[in-house]
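Inspection log for the structure reproduced underneath, given as structure tokens.
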Amino acid sequence: MTTTHRIVVLDAAPATVQARVACVLQDGSAFQVLSCRTEVGHEGIGNMACLLDEVLKDARWERPDLVVVVIGPGSFTGLRTSCSLAAGLAFGCDCPVVGVTRGEALASALSAYVTQHDLDGWLCVMAARSGRWFVESAAPDSLTSGSVVAVRQADWEAPSGHWLIAGDVVDDVLLKAPGALVAFPIQGEASMQEIAKAGLSRLEGHIASRPALPLYVDPPEARLPAAGLRARPQ
């Protein structure tokens with residue numbers, strides 16, 4: 001008997017700031033996008049709930065069977081918004097919610113390429129603010145990220161060996177170690193189908209569990225006032 005799932009995908013992780021929402025129907029091994037909305041800028045992140053309402057109406061779904069949200073690394077505001085919306089939708093519809101990283105959404109294709117070309121593993125390198133990168137890495141056959149760090153672009157050094165490079169700054173990364181790094185043929189963000197597939201794999205226990213909470217690589221920039229907090233009201 002073929003299993004089907006109605007999957008809502010939420011992604012507002014990129015530091016370049018954009019929001020994506022989609023309804024993806026999984027039927028056996030096929031993942032079909034029934035409806036999708038993308039909006040760039042902080043307005044798009046603030047409008048995610050409206051985008052969600054639009055795709056659900058387009059797909060004619062009253063409720064999903066699963067909510068998958070990209071948990072990072074990336075935009076602080078985007079991650080808080082999308083993860084909160086995902087949790088609220090899952091609670092209201094009484095369905096599970098799972099989180100995947102940006103690298104994990106690409107991991108199935110990346111790991112297959114690494115194995116085929118006998119490389120040491122994959123790196124998913126993504127733009128961050130202030131001249132920095134987020135670097136997500138994994139072993140050759142891993143479908144989950146082993147580590148995620150933030151580095152200064154000028155200071156980053158490629159690991160020894162031959163690694164597959166994906167993400168949104170591939171061309172800049174290749175300049176760091178010409179000949180030692182291999183660019184993944186398909187550049188850019190994971191498709192909504194890939195995100196849905198990774199989320200379903202996590203739900204079914206095929207990859208290690210991870211909470212659907214923002215993956216904050218950087219420490220918070222908010223600071224306590226120099227004079228301390230105000231006294232508690234009486």
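Counting only distance, with no hydrogens or angles, the side chain of Arg102 and the backbone of Ala190 share no donor-acceptor pair below 3.5 Å. Between the side chain of Trp163 and the main chain of Ser160, a donor-acceptor pair closer than 3.5 Å is present. The closest donor-acceptor contact from the side chain of Asp65 to the backbone of His5 lies at 3.5 Å or more, if one exists at all. No donor-acceptor pair under 3.5 Å is formed between the side chain of Glu194 and the backbone N or O of Glu189. Remark: side-chain polar atoms of Asp120 are paired, donor with acceptor, to backbone N or O of His162 under 3.5 angstrom. Side chain of Arg132 to main chain of Arg129: a donor-acceptor pair is present (N/O by atom type, distance under 3.5 Å, no hydrogens or angles).
No side-chain heavy atom of Leu66 sits less than 4.5 Å from a side-chain heavy atom of Cys95. Looking at heavy atoms from C-beta onward, Trp122 lies out of side-chain contact with Leu106 at the 4.5 angstrom threshold. Side chains of Thr101 and Glu136 form a contact here, defined as non-hydrogen atoms less than 4.5 Å apart.
Within the model, atoms NE2 of His42 and OG of Ser75 stand 6.5 Å from one another, a figure rounded to the nearest 0.5 Å. Separating the SG atom in Cys36 from the CG atom in Leu51 is a distance of 9.5 Å, to the nearest 0.5 Å. Atoms CD1 and CG, on Ile195 and Asp11 in that order, are 4.5 Å from each other to the nearest 0.5 Å. Taking CD of Glu39 as the start and CD of Glu54 as the end, the distance is 8.5 Å to the nearest 0.5 Å. The distance from the CD atom of Gln32 to the OG1 atom of Thr4 is 12.0 Å, given to the nearest 0.5 Å. If you take CZ on Arg210 and CG on Leu215, they are separated by 6.0 Å, rounding to the nearest 0.5 Å.
When the shell of 6.0 Å around CZ of Arg63 is examined, it contains more than 12 heavy atoms from other residues, nucleotides or ligands. Environment of CG in Asp94: sparse, with no more than 12 heavy atoms of neighbouring residues, nucleotides or ligands closer than 6.0 Å.
Nearest heavy atom pair, residue Leu213 against residue Ile71, reads O-CB, 3.3 Å. Nearest approach of Pro73 to Met126, heavy atoms of both residues: CG-CE, 3.8 Å. Between Ser35 and Val55 the shortest heavy-atom distance is OG-CA, 3.4 Å. Taking each heavy atom of Leu52 and Val8 in turn, the nearest pair found is CD1-CG1, 3.8 Å. Considering all non-hydrogen atoms of both residues, Val33 and Ala22 come closest at CG1-CB, 4.4 Å. When every heavy atom of Ala154 is checked against every heavy atom of Lys176, the shortest pair comes out as O-NZ, 3.3 Å.
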Practice problem: Please lay out, stage by stage, how Phe184 and Val170 fare under the test side-chain contact (heavy atoms from CB on, under 4.5 Å). | Solution: CA-CA 8 Å; Phe184 186 54; Val170 171; over 6 Å; no

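Linking Ile, Leu, Val, Met, Phe, Trp and Tyr residues whenever their side-chain heavy atoms come within less than 4.5 Å leaves Val21 and Leu200 in two separate clusters. In terms of hydrophobic clustering, with Ile, Leu, Val, Met, Phe, Trp and Tyr side chains grouped at heavy-atom distances under 4.5 Å, Val69 and Leu25 are assigned to a common cluster. Linking Ile, Leu, Val, Met, Phe, Trp and Tyr residues whenever their side-chain heavy atoms come within less than 4.5 Å places Val9 and Leu203 in a single cluster. Side-chain heavy atoms closer than 4.5 Å link hydrophobic residues (I, L, V, M, F, W, Y) into clusters, and following such links, even through other members, never connects Leu79 to Ile45. Under a hydrophobic clustering in which Ile, Leu, Val, Met, Phe, Trp and Tyr are joined whenever their side-chain heavy atoms come within less than 4.5 Å, directly or via other members, Val169 and Val135 fall into the same cluster.
Aromatic ring orientation, Phe76 versus Tyr216: parallel (interplanar angle below 30°, classes split at 30° and 60°).
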